[in-house]
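Treat the numbers as computed from the prediction; the structure is a model and nothing was measured.
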Amino acid sequence: MASSASLMVLALLMASIAAIAEARAFFIFGDSLVDSGNNNYLETTARADSPPYGIDYPTGRPTGRFSNGLNIPDLIGKQIGLSESPLPYLSPDFNGKKLLLGANFASAGVGILNDTGVQFVNILRMYRQLELFEEYKRRLSGLVGTRQANRVVSQALVLITVGGNDFVNNYYLVPFSARSRQYSLPDYVRFLISEYRKLLMKLYKAGARRVLVTGTGPLGCVPAELAMRGNNGGCSQELQRAASLYNPQLVQMINGLNAKIGRDVFISANTQKMHNDFVSDPQAFGFTTSEIACCGQGPYNGLGLCTQLSNLCPNRDLYAFWDPFHPSEKANKLIVEQIMTGSNEYMNPTNLSTIIAFDSKI
């Protein structure tokens, strides 16, 4: 017979599970913009697990986030009332009641296509992230039962951020890349959108009912591209053209999916416009530069990786970009502000605060 002490522990555990279950779970899929550390547990060069990454994170230590501090999932998690960010799915600490908070499946280097990021070798490609989501659901069912597990998933918020690498680390990775010989840019964009549509439908079939889909940022204006491809300080026109073709077609595809399903499952975030605001007028947002990365080397600090040997700015809040590709924590905060409260120019069909208010009445 169980002792009263062990019964009390069990009762406390069940009470804490019930409390967490009341909060909305949060699932994250995609690439380095939203990876919170899965790549720490993989044999890959796409990693952010050494200083100065994490210099402004609460612990002051690198976590695998491609940021000086918090990333977009951390900041959205706070806004939706989570007590802590969902853990990377591959983390050894991801077990027990942590499952009820959601999970982060994102992996730096991935794209919509399986051949994107091949140079990073062992990363969680999108099909694998979706397989792990199915594994997660089985684990959650074992913890709380199938009915409650389905409820957690259907009431969760899902974030998916992928697509930039399909240009930067595939089509434009090297001159005359295989994909650029196979497709003209407009045809490649159409192909990406059709493949992305399949991914989003798989998420829907897996039970996701509120999915925030971000577009690409201004691909040609990140410090890495200014350093490698920019014209006299101007953005790379070819990559900017890619982003301007891709993002409107993504919104169009999402609108079509919602119409087919008969409800607004997918919410699109115009991250290109969000970034463009502070890229075109950094001073208006308190940045001194949107061209030079805080951490890096070479022109615009845009070459190579951010390491302990790199140039490092003393005040990260003055820089829109933390490293050659990724926004600083402050820039992430501005992006999440627009995701939460932005107008229809930024969020389609509406912003996340409105969606959350609507869902709370159901």
Side-chain angles (χ1 to χ4, degrees), residues 30-35 45-46 48 52-53 65-69 71-72 106 108-111 116-117 119-120 161-174 177 185 214-247 250 269-282 285 287-307 310-313 316-336 338:
D31 59 25
S32 59
L33 290 165
V34 292
D35 182 356
T45 53
Y53 284 96
R65 289 163 173 81
F66 286 74
S67 172
N68 56 301
N71 64 9
I72 286 170
V110 304
T116 291
Q119 70 274 33
F120 302 125
T161 295
V162 69
N165 284 323
D166 293 288
F167 296 104
V168 173
N169 282 308
N170 191 331
Y171 195 85
Y172 292 109
L173 179 63
V174 290
S177 68
L185 180 62
T214 65
T216 69
L219 296 170
C221 299
V222 301
E225 299 306 332
L226 293 179
M228 290 188 286
R229 280 182 251 265
N231 328 320
N232 303 323
C235 302
S236 159
Q237 289 311 306
E238 194 61 11
L239 274 160
Q240 286 298 85
R241 181 170 163 245
S244 63
L245 282 172
Y246 174 84
N247 286 311
L250 179 63
N270 187 343
T271 33
Q272 184 177 14
K273 179 162 176 50
M274 293 172 192
H275 276 89
N276 273 344
D277 287 350
F278 54 75
V279 164
S280 57
D281 189 3
F285 296 88
F287 298 119
T288 55
T289 178
S290 62
E291 296 181 334
I292 302 165
C294 167
C295 181
Q297 46 278 313
Y300 306 100
N301 278 344
L303 298 179
L305 303 170
C306 167
T307 71
S310 300
N311 303 318
L312 179 66
C313 69
R316 273 69 64 185
D317 283 351
L318 299 179
Y319 288 71
F321 286 95
W322 155 245
D323 70 8
F325 285 104
H326 303 97
S328 62
E329 181 186 286
K330 183 177 171 185
N332 284 334
K333 284 178 177 168
L334 292 169
I335 291 163
V336 170
Q338 290 290 14

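A 4.5 Å side-chain heavy-atom check between Val222 and Tyr300 finds every atom pair outside the cut-off. Pro223 is not listed as a side-chain neighbour of Asn301, based on a closest heavy-atom distance of 4.5 Å or more. Under the 4.5 Å side-chain criterion, counting only non-hydrogen atoms from C-beta, Leu334 is not in contact with Met274. At a threshold of 4.5 Å between non-hydrogen side-chain atoms, the residues Tyr171 and Leu185 count as touching. Side-chain contact between Leu219 and Glu225: absent, with no pair of heavy atoms (C-beta onward) separated by less than 4.5 Å. Proximity of Asn332 to Ser67: side-chain heavy atoms (C-beta onward) are separated by under 4.5 Å at one or more points. Put simply, the side chain of Cys294 does not reach to within 4.5 Å of the side chain of Leu318, judged on heavy atoms. Counting heavy atoms from C-beta outward, Tyr319 and Asn68 have side chains that stay 4.5 Å or more apart.
Under a 3.5 Å cut-off, the side chain of Asp323 and the backbone N or O of Leu305 do not form any donor-acceptor pair. Judged purely by atom type and a 3.5 angstrom limit, Ser290 uses its side chain to pair as donor or acceptor with the backbone of Val279. The backbone N or O of Gly111 sits nowhere less than 3.5 Å from a side-chain atom of Asn165 that would complete a donor-acceptor pair.
Taken to the nearest 0.5 Å, the OG atom of Ser244 stands 9.5 Å off from the CD atom of Gln237. A distance of 6.5 Å separates CG in Asp31 from OG1 in Thr161, rounded to the nearest 0.5 Å. Between the CG atom of Asn169 and the CZ atom of Phe325 there is a distance of 6.5 Å, given to the nearest 0.5 Å. Going from atom CG of Asn247 over to atom CG of Asn270 covers 6.5 Å, rounded to the nearest 0.5 Å.
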request  = List the steps and the verdict of side-chain contact (heavy atoms from CB on, under 4.5 Å) for Ile335 and Thr271.
outcome  = CA-CA 7 Å; Ile335 291 163; Thr271 33; 4.1 Å; yes
Worked check of side-chain hydrogen bond (donor to acceptor under 3.5 Å, both in side chains) between Ser328 and Asp317:
CA-CA 7 Å; Ser328 62; Asp317 283 351; over 6 Å; no
Between Cys295 and Cys313, is a disulfide bond (SG atoms under 2.5 Å apart) present by the stated rule, with each step listed?
CA-CA 7 Å; Cys295 181; Cys313 69; over 6 Å; no
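Smallest separation of non-hydrogen atoms from His275 and Gly217: ND1-CA, 3.9 Å. Between Leu239 and Val168, the closest heavy-atom pair is CD2-CG2, 4.3 Å. Scanning all heavy atoms of the two residues, the minimum distance from Pro324 to Gly304 falls at CG-O, 3.6 Å. Considering all non-hydrogen atoms of both residues, Gly30 and Val162 come closest at CA-CB, 4.3 Å. Ala227 and Leu303 get closest at one heavy-atom pair: CB-CD2, 3.7 Å. Minimum interatomic distance between Ser32 and His326 (heavy atoms only, all atoms of both residues): OG-NE2, 2.6 Å.
When each of Phe287, Phe66, Tyr53 is checked for a ring-ring contact (aromatic ring centres under 6.0 Å, His included) with Trp322, only Tyr53 meets the rule.
Crowding of Leu312 atom CG: a count of heavy atoms from other residues, nucleotides or ligands under 6.0 Å exceeding 12.
The sulfur atoms (SG) of Cys235 and Cys221 lie less than 2.5 Å from each other.
Using a 3.5 Å distance cut-off with no hydrogens or angles, the side chains of Asp166 and Thr116 do pair a donor with an acceptor. Side-chain contact annotation: Asn170 with Ser177, donor-acceptor N/O pair under 3.5 Å absent.
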